[in-house]
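The next block holds one structure in the form of structure tokens; read it before the comments.
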Amino acid sequence: MNAAPADQIRLLDLQKLDTRLNQLDHRRANLPEHAELRKLNNQLDQQRDFLVAAETEVGDTEREQAKAEQDVDQVRRRSERDQQRLDSGMVTSPKDLESLQSEIASLARRQDSLETVVLEIMERQETAAERARELASAVEGLEKTGTELTSRRDEATAEIDAEAERTRRDRETVARSVPEALLSLYDKLRAQHGGVGAAKLYQKQCEGCRLELNITELNDVRAAPADSVVRCENCRRILVRTPESGL
């Protein structure tokens, strides 16, 4: 393939722009905020699970407390009725009196036991409620941090996208000045060789593969006409000759 030396040199400008676009893509994909958000979201998911568990425990203990208090009220009412019967003098049989007094004493013990249970449940409920408040505060803090990180990520992404758009417009301008056949070959090689389709020959070294041409390869390049599109024998990229090639 033949192409004017100036057109070949323009490939270096095109390559520079394509390299910059690749760098911007890499930078966008590897913003530190991405990793920070992933880590934070994992923490947030965990804290939310803990919060749900704590809130469930609060609800469970509240229901358990209500049931225990209901049991205490039932025992208290029954004890009060028995005491009223005892105080009324209506029970005169010694045996019935003894049975009633025994039942009142038993109910008192039962009430004490149930009230102890209520206190224990209340302590557990207060502990669970405090734990839920702490977790809710932690979740709120993480959500706030997530909002800030997302904002920072979006700002950084917007800056990268703006530069990428300017770079793409510059690339289109340069690409229009390159002959179609040469541009097609360059794009094909760029796709095959890690995003680099053309490289400068600098001081006898290919800047694409960073290998120095041997004497035979240099002589072949020297002998090639100025408008001949030469390729690196090592990496097969287009080798662009300039006054700095060392020929």
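Excluded from the calculations below are hydrogen atoms, water molecules and symmetry mates; all remaining heavy atoms, backbone and side chain alike, are included. Being a predicted model, the structure only gives us computed values, none of them experimental.
- A donor-acceptor pair under 3.5 Å links the side-chain atoms of T157 to the main chain of R153, judged by distance alone.
- Heavy-atom minimum distance, R131 versus A54: CG-CB, 4.1 Å.
- D7 places none of its side-chain heavy atoms less than 4.5 Å from the side chain of D227.
- Put simply, the side chain of D25 does not reach to within 4.5 Å of the side chain of I160, judged on heavy atoms.
- The closest side-chain donor-acceptor pair between R81 and Q84, if any, does not fall under 3.5 angstrom.
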> Given the rule in the salt bridge (Lys or Arg N to Asp or Glu O under 4.0 Å) test, do E64 and R124 qualify, once you have shown the distances and angles that lead to the verdict?
Replying inline: CA-CA 10 Å; E64 189 178 352; R124 287 194 285 114; 2.9 Å; yes
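- Scanning both residues, N214 and T216, for their nearest heavy atoms gives OD1-N, 3.1 Å.
- Looking at T127, its side chain does come within 3.5 Å of a backbone N or O of E123 through a donor-acceptor pair.
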> Run the side-chain contact (heavy atoms from CB on, under 4.5 Å) check on V72 and V117 step by step: do they pass?
Replying inline: CA-CA 10 Å; V72 170; V117 170; over 6 Å; no
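- Clustering ILVMFWY residues whenever any of their side-chain heavy atoms sit less than 4.5 angstrom apart, transitively, puts L24 in the very cluster that holds L31.
- Heavy-atom neighbours of R20 CZ from other residues, nucleotides or ligands within 6.0 Å: above the threshold of 12.
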With a 3.5 Å cut-off and sequence neighbours excluded, list the donor-acceptor pairs that the side chains of residues 134-147 form with protein atoms.
| from | atom 1 | to | atom 2 | distance (Å) |
| --- | --- | --- | --- | --- |
| E143 | OE2 | R48 | NH2 | 2.8 |
| T145 | OG1 | G141 | O | 3.1 |
| T147 | OG1 | E143 | O | 3.0 |

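- Here SG of C209 is found 10.5 Å from CD of E233. Values are rounded to the nearest 0.5 Å.
- Under a 3.5 Å cut-off, the side chain of S245 and the backbone N or O of L201 do form a donor-acceptor pair.
- A donor-acceptor pair under 3.5 Å links the side-chain atoms of Q8 to the main chain of A3, judged by distance alone.
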> Between D13 and K16, does a salt bridge (Lys or Arg N to Asp or Glu O under 4.0 Å) hold up when you go through it step by step?
Replying inline: CA-CA 5 Å; D13 296 330; K16 183 177 179 180; over 6 Å; no
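- A donor and an acceptor atom, one from each side chain of Q65 and E69, are located under 3.5 Å apart.
- In this structure, N22 and H26 have side chains that are not in contact, with every pair of non-hydrogen atoms separated by 4.5 Å or more.
- Rounding to the nearest 0.5 Å places CD of E172 at 8.5 Å from CZ of R169.
- Judged purely by atom type and a 3.5 angstrom limit, Q15 uses its side chain to pair as donor or acceptor with the backbone of G195.
- Counting heavy atoms from C-beta outward, C206 and N234 have side chains that stay 4.5 Å or more apart.
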>> For Q205 and L211: C-alpha separation, side-chain torsions, deciding distance, then whether side-chain contact (heavy atoms from CB on, under 4.5 Å) applies.
In response: CA-CA 6 Å; Q205 183 185 80; L211 294 177; 5.8 Å; no
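- When every heavy atom of G246 is checked against every heavy atom of K204, the shortest pair comes out as O-CE, 3.3 Å.
- N219 and R222 are linked by a side-chain donor-acceptor pair at a separation below 3.5 angstrom, with hydrogens and angles left out of the test.
- Closest approach of A132 to L51, counting heavy atoms only: O-CD1, 3.4 Å.
- Checking side-chain atoms of E155 against main-chain N and O of R152 turns up no donor-acceptor pair under 3.5 Å.
- In this structure, E36 and L40 have side chains that are not in contact, with every pair of non-hydrogen atoms separated by 4.5 Å or more.
- Contact check for E126 versus E130: no side-chain heavy atoms found under the 4.5 Å cut-off.
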>> For L21 and R171: C-alpha separation, side-chain torsions, deciding distance, then whether side-chain contact (heavy atoms from CB on, under 4.5 Å) applies.
In response: CA-CA 10 Å; L21 286 171; R171 186 195 191 279; 4.2 Å; yes
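- Between the CD atom in E207 and the CG atom in L239 there is a gap of 9.5 Å [rounded to 0.5 Å].
- Members clustered with L14: M1, I9, L11, L12, L17, V174, V178, L182, L183, L185, Y186, L189, V229, I238, V240, by chain and number, using a 4.5 Å side-chain heavy-atom cutoff among hydrophobic residues.
- One side chain, S177 or R10, offers a donor N or O that lies under 3.5 Å from an acceptor on the other.
- The minimum heavy-atom distance linking R237 with H193 is given by the pair NH2-O, 2.9 Å.
- Salt bridge absent: D170 and R166 never bring a charged side-chain N and a carboxylate O closer than 4.0 Å.
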Result block: side-chain N/O donor-acceptor pairs under 3.5 angstrom for residues 99-114, not counting sequence neighbours:
| from | atom 1 | to | atom 2 | distance (Å) |
| --- | --- | --- | --- | --- |
| E103 | OE2 | R78 | NE | 2.9 |
| E103 | OE2 | R78 | NH2 | 2.8 |
| Q111 | NE2 | E115 | OE2 | 3.0 |

>> Is there a side-chain contact (heavy atoms from CB on, under 4.5 Å) between K200 and E244? Walk through the geometry before answering.
In response: CA-CA 9 Å; K200 180 193 294 186; E244 301 174 312; 3.4 Å; yes
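- Nearest heavy atom pair, residue A68 against residue V118, reads CB-CG2, 3.6 Å.
- Residues Q83 and E80 form no side-chain contact, since every pair of their non-hydrogen atoms from C-beta on lies 4.5 Å or further apart.
- Atom CZ of R190 and atom OG1 of T19 lie 8.5 Å apart (nearest 0.5 Å).
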